[in-house]
Amino acid sequence: MADSPRHSSSVTRHGVPRIRINKFFTQHGVCSRREADRLVETGRVTINGRVARLGDQVGPDDAVARDGQVIPWGATPVYIKYHKPVGVTTTSESHVYRNIIAEIGHEERIFPIGRLDKDSSGLILLTNDGDIVNDILRTEFGHEREYVVDVDRPFDDAFLDRLSQGVEIVGSRTKPCRTERMGRQRFRIVLTEGRNRQIRRMCQAIGYRVTDLHRVRIMHITIAGLSVGVWKDLTHEERTTLLRAVGRKVI
């Protein structure tokens, strides 16, 4: 193995491009790049036995370890969908009670794509493919997310019109969206952005309180047939369509 990860060449002797240490962590489903930088800064990461530094580059010939545990190269990409119950927190922090990673108990290191707050339920995707996360979440790509929402009192059509046109929350207006009445106090809403507690804040801005929020779709992937608290791998068709939607080559 190489003595130092700071090589003059950007490729290994096998012709494989080297990557920055923080990107290695996201590609292998360990954590986000920001968290990887924190691990490096606190001395918890080694490369070939030497304490890593920010900006180090690594390749398949290097042994990368976190807290002394070597992380293998070439992890098989995992893409799953999960029906999150109310009460489960969307975080990979192991000390958080009922964190989503512990609830799922997957054998691979996976992390959620986006968030679904603790008081909400429904569909969330998880993966060990760190590079796909931003492609799915980036607002400019306009990937749809569909929700069924209950509020605390009956509403009129003007309420849905205001939501669909965009609402001022936290200093800026939300993007236009689609809405549909489903009952006296229930509606469907399709967003193309995912701001923190967005639907709850949109309703609050118009004088309503969300009593139940359930996500039923992300892009083409639906929660249909997936029981509460259950996860399963994406089907071949779901996975292929997902990868193509973010510009990935499908082999």
Side-chain angles (χ1 to χ4, degrees), residues 1-82 90-94 96 99-101 104 106-115 124-141 143 193-194 196 218-219 233-234 239-240 242-251:
M1 292 187 180
D3 292 329
S4 171
R6 290 184 179 275
H7 302 273
S8 59
S9 171
S10 62
V11 298
T12 68
R13 58 190 177 90
H14 301 296
V16 178
R18 298 188 188 281
I19 57 176
R20 292 173 65 92
I21 186 65
N22 56 5
K23 185 174 182 180
F24 168 87
F25 274 83
T26 64
Q27 283 189 346
H28 289 75
V30 178
C31 59
S32 68
R33 292 196 190 190
R34 181 177 298 177
E35 177 61 21
D37 286 341
R38 285 198 290 264
L39 292 173
V40 171
E41 288 174 332
T42 54
R44 296 172 58 188
V45 178
T46 61
I47 305 172
N48 304 324
R50 180 186 66 77
V51 176
R53 300 187 295 269
L54 291 175
D56 280 345
Q57 294 187 344
V58 294
D61 293 333
D62 297 308
V64 180
R66 178 186 63 174
D67 297 332
Q69 182 177 0
V70 174
I71 302 166
W73 279 82
T76 302
V78 170
Y79 306 95
I80 72 171
K81 60 181 179 180
Y82 173 57
T90 308
T91 181
S92 56
E93 296 291 333
S94 59
V96 176
N99 71 81
I100 193 170
I101 304 304
I104 292 174
H106 201 282
E107 61 183 9
E108 295 288 342
R109 296 186 185 93
I110 58 173
F111 49 87
I113 301 174
R115 295 184 61 83
I124 189 163
L125 306 181
L126 298 98
T127 184
N128 62 353
D129 179 358
D131 285 342
I132 203 172
V133 176
N134 286 338
D135 290 336
I136 294 175
L137 297 181
R138 283 170 62 180
T139 302
E140 61 265 34
F141 290 165
H143 297 312
E193 59 181 340
N196 185 37
I218 299 172
M219 300 167 67
D233 293 313
L234 296 189
R239 176 173 170 158
T240 298
L242 177 67
L243 294 176
R244 284 178 176 159
V246 298
R248 293 281 193 91
K249 285 187 176 180
V250 180
I251 299 175

Where His143 and Ile136 come nearest, the two heavy atoms and their spacing: CD2-O, 3.2 Å
Which pair of non-hydrogen atoms, one from Val58 and one from Val64, has the smallest distance, and what is that distance? CG1-CG2, 4.0 Å
Is there a side-chain contact between Pro77 and Arg239 (heavy atoms, below 4.5 Å)? yes
Contact between Asp56 and Arg50 at the side-chain level, heavy atoms closer than 4.5 Å - yes or no? yes
Roughly how far apart are Leu39 CG and Asp67 CG, rounded to 0.5 Å? 7.0 Å
Provide the closest heavy-atom pair for Asp129 versus Thr127 in the form atom of the first, atom of the second, distance. N-OG1, 2.9 Å
Side-chain donor or acceptor of Asn48 paired with backbone N/O of Ala63 under 3.5 Å: yes
Taking the side chain as every heavy atom from C-beta outward, state whether Ile218 and Ile113 have any atom pair closer than 4.5 Å. no
Measure across Ala52 and Val40 and return the closest heavy-atom pair with its distance rounded to 0.1 Å. O-CG1, 3.6 Å
Closest heavy-atom pair, Leu242 versus Tyr79, reported as atoms and distance to 0.1 Å, is CD2-CD2, 4.4 Å
Measure the spacing between CG of Leu234 and OG1 of Thr240 and express it to the nearest 0.5 Å. 10.0 Å
What closest approach, in Å, do Val78 and Asn128 show between heavy atoms, and which atom pair accounts for it? N-OD1, 2.7 Å
Strictly distance-based, threshold 3.5 Å: is any side-chain N or O of Asp62 a donor or acceptor partner for the main-chain N or O of Gly59? yes
Hey, are Arg38 and Glu41 close enough for a salt bridge, meaning a charged N less than 4.0 Å from a carboxylate O? no
